Amino acid sequence: KAEDFVEWIPNNIKSSVIDVPPVDATISATFVTNTTALKAMFQRLASQFSALYKRKAFLHWYKGEGMDEMEFQEADKNVVDLITEYQDKQDATVGGDEDEDMDE
């Protein structure tokens with residue numbers, strides 16, 4: 001969606017063409033973008049993780065490999081912080097705060 005792109009970030013899409021396809025294919029394509037639309041994907045990831053973590057599902061496998069339960073809590077906090085950053089970027093306007101414009 002066009003509204004997911006922030007106007008004031010001039011290079012929010014990177015693209016390049018590589019003439020050498022993978023061995024098992026005749027052509028290939030990759031598209032990498034940084035858009036606030038990713039926020040929804042991270043929100044979905046966070047809610048699914050929370051549901052599994054709440055039930056301690058699969059946790060024993062990771063703990064058996066040497067991970068600590070605090071690492072999961074830290075990772076969840078990092079994803080929540082990332083979602084907040086994307087929300088801040090989405091709420092940003094080119095001219096600054098909308099509240100400042102209303103006061104004038």
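Computed from a prediction, not measured in an experiment: that's the story for all the values here.
Cluster partners of I83, by chain and number: L38, M41, F42, L45, V79, L82, Y86. The rule joins Ile, Leu, Val, Met, Phe, Trp and Tyr whenever side-chain heavy atoms lie under 4.5 Å apart.
Residues passing the side-chain hydrogen bond (donor to acceptor under 3.5 Å, both in side chains) test with N78: none are found, sequence neighbours excluded.
When every heavy atom of E71 is checked against every heavy atom of M67, the shortest pair comes out as OE2-CA, 3.4 Å.
Taking 4.5 Å as the limit, every side-chain heavy atom of Y53 sits out of range of all side-chain heavy atoms of D76.
Electrostatic pairing of K39 and E85 does not count as a salt bridge here, judged by no charged N lying under 4.0 Å from a carboxylate O.
Looking only at distances, no side-chain donor or acceptor of E65 sits under 3.5 Å from a matching main-chain atom of Y62.
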